[in-house]
Amino acid sequence: MIDIQSNRTKNDKKPQLRRRLTLPLLILYGLGVTIGAGIYVLVGATASKAGIYAPISFLIAAIVVAFTGFSYAELGTRYPVSAGEAAYVKKGFNSKTLQLLTGFLVITSGVVSSATVAIGAAAYLEKLLPIPSAYLIILVIVVIGIIAAWGILESVFLAAIFTVLEICGLSLVIWIGVNSNSDIISRLPSLLPPLEFSVWSGIFSAGLLAFFAFVGFEDIANVAEEVKNPRKTLPLGIITTLVIATIIYFVVVSVVVLAVPMDTLIKSSAPLALIFENTDLKTRGFFNILAIIATINGALIQVIMASRVLYGLSSQQSLPSFLSYVNPVTRTPITATFVIIILVIILALFFPITELAEITSQVVLIVFALVNMALIFIKKHEKPTLFPSYFQVPKWIPYMGFTSSSLLFLVSFIPT
């Protein structure tokens, strides 16, 4: 096992992170950032590229993510530490430079993703409060920062409650969408795309945005130091999160693209609210509140992740030591959290949501490619073990993860 603990601190009395997360909380943590980050915000942007075939884009993204998910499951149990990706890459490539680069890429993805989702949260909030969006964005991000600094159990427990509420919101979308459009079931075959290059290029291009909706499951690896029994809990948390998220995404996106006029859907930054346009005021208001909770939840968990990576890199002596300061009362990395919040505010105020989502996806795909390659090298240079103490995947899994991540990254540069 990688010797992270020996490099963690020169002072054994320095406050450490606390192992308080169980499997149910871990799954809700993963679902919270995964579901809140994408489905509530980017359905319209995905449909603008893939049209009615947007659900297929989500399935393609799920396949890409699945291979890498299994790689994370093994690496997360081999090296259950904060800044996990950076540790994996350092072990696989034996390079401090690549370790630091990977850490910065992960932090970038968390910051940009949080900014993306904060814009979506403000868009839903604007439907309830007649306040300029810039002020709402700042308000949302500051509240997120306060919650993230509160404490890992408290913030993740609150995120778990939010996750349950956002799943209820998606269930409401499905219920209202199906009941308001009696022919939806009969129109499901229309979601199967024809074998035409122009159609599939749009689907794969939209797959990059759909991929953003899955960003979050890998965050589970970055709270490894706060998870009880990580070698057993992490793989189950990652895999369960991906399965549940894929099912929810496909059903919700299918209902939305069949129920909402396409020209209206592609222009909206709060796309799921369109399902409720013809419902009563109370129902619309109730859903908007759920959507605000969902999007805030997504940004919250990304902030938690990014601050832990910043903390982890500092603990591994790759960044200045003040970034690994842990508040003795909250047991959270306060300085790292503050730095992340400032960066999120800057990005959310000055960049459009679609551009931020695409940047996030491209950065995460680079990280995924590096992580899969690291696992390939690790497996290649170690002696086989019949009864390993960690979760183990077949050797072809990281190869597939590297290939699929690299291909989707390249597809992102093809004009549609």
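FYI, side chains are in, hydrogens and waters are out, and symmetry mates aren't considered; it's all heavy atoms of this structure.
- In plain terms, the two heavy atoms of G69 and L242 that are nearest each other are CA-CD1, 4.0 Å.
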*Would you sort out whether L105 and Q362 count as a side chain to side chain contact (heavy atoms under 4.5 Å, CB included), showing the intermediate values?*
CA-CA 10 Å; L105 287 173; Q362 289 168 337; over 6 Å; no
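- The CG atom of L408 lies 8.5 Å from the CZ atom of F204; values are rounded to the nearest 0.5 Å.
- Below 30°, between 30° and 60°, or above 60°: for Y88 and Y79 the angle between ring planes is between 30° and 60°, a tilted geometry.
- Expressed to the nearest 0.5 Å, how far OG1 of T283 lies from CG of N288 amounts to 11.0 Å.
- In terms of modelled atom types and a separation under 3.5 Å, the side chain of S324 and the main chain of S321 share a donor-acceptor contact.
- Residues I56 and P193 come closest through the heavy atom pair CG1-CD, 3.9 Å.
- Side-chain contact between F104 and L319 is present, with heavy atoms from C-beta onward closer than 4.5 Å.
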*side chain to side chain contact (heavy atoms under 4.5 Å, CB included) between L234 and F391: does it pass, once the steps are laid out?*
CA-CA 9 Å; L234 280 176; F391 179 81; over 6 Å; no
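- Although no hydrogens or angles enter the test, the distance criterion places no donor-acceptor pair under 3.5 Å between the side chain of W175 and the main chain of L170.
- Of the possible polar contacts, none joining the S307 side chain to the A336 backbone as a donor-acceptor pair under 3.5 Å is found.
- Among the candidates T403, N372, I378, the single residue satisfying the side-chain contact (heavy atoms from CB on, under 4.5 Å) test with P398 is N372.
- For the pair V43/V252, no side-chain contact is recorded, criterion being any heavy-atom separation below 4.5 Å from C-beta on.
- When all heavy atoms of L258 and I184 are compared, the pair lying nearest together is CD1-O, 3.9 Å.
- Not a single donor-acceptor pair under 3.5 Å links the side chain of S405 to the backbone N or O of L365.
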*After noting the C-alpha distance and the side-chain angles of V253 and T46, does the key distance pass the side chain to side chain contact (heavy atoms under 4.5 Å, CB included) rule?*
CA-CA 10 Å; V253 178; T46 306; over 6 Å; no
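- For the ring-ring contact (aromatic ring centres under 6.0 Å, His included) test, residues two or more places apart in sequence or in another chain that qualify with F276 are F287.
- Between the side chain of S109 and the main chain of V106, a donor-acceptor pair closer than 3.5 Å is present.
- Here I107 contributes atom CD1 and R308 contributes atom CZ; the two are 13.0 Å apart, rounded to the nearest 0.5 Å.
- Atom OG1 of residue T108 and atom CG of residue L101 lie 9.0 Å apart, to the nearest 0.5 angstrom.
- Checked by atom type and distance alone, the side chain of T246 never pairs as donor or acceptor with a backbone atom of A62 at under 3.5 Å.
- When atom types are taken as modelled, the side chain of E85 and the backbone of T102 share no donor-acceptor pair closer than 3.5 angstrom.
- A ring-centre distance under 6.0 Å is found for Y72 and F368.
- Side-chain contact check for S57 versus L209: every heavy-atom pair is 4.5 Å or farther apart.
- Once rounded to the nearest 0.5 Å, the distance linking CG of L139 with CD1 of I345 reads 10.5 Å.
- R78 places none of its side-chain heavy atoms less than 4.5 Å from the side chain of K91.
- Checked by atom type and distance alone, the side chain of S205 never pairs as donor or acceptor with a backbone atom of S201 at under 3.5 Å.
- Judged by distance alone, the side chain of S361 and the main-chain N or O of L208 form a donor-acceptor pair under 3.5 Å.
- Nearest approach of I52 to S190, heavy atoms of both residues: CD1-OG, 3.8 Å.
- A distance of 12.5 Å separates OG1 in T337 from CD1 in I147, rounded to the nearest 0.5 Å.
- Using a 4.5 Å cut-off on side-chain heavy atoms (C-beta onward), W200 and L195 make contact.
- Panel note: side chain S48, backbone A45; a donor-acceptor pair is recorded below 3.5 Å.
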*Does the side chain to side chain contact (heavy atoms under 4.5 Å, CB included) test come out yes or no for V371 and L375, once each step is laid out?*
CA-CA 6 Å; V371 166; L375 182 56; 5.9 Å; no
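- Shortest non-hydrogen contact noted between S114 and V344 is CB-CG2, 3.7 Å.
- In this view, F338 satisfies the ring-ring contact (aromatic ring centres under 6.0 Å, His included) rule with no residue, not counting sequence neighbours.
- Side chains of M262 and L265 form a contact here, defined as non-hydrogen atoms less than 4.5 Å apart.
- With contacts defined as side-chain heavy-atom distances shorter than 4.5 Å, the pair I244/L31 qualifies.
- For the pair V326/Y311, a side-chain contact is recorded, criterion being any heavy-atom separation below 4.5 Å from C-beta on.
- Scanning both residues, A148 and V303, for their nearest heavy atoms gives CB-CG1, 4.0 Å.
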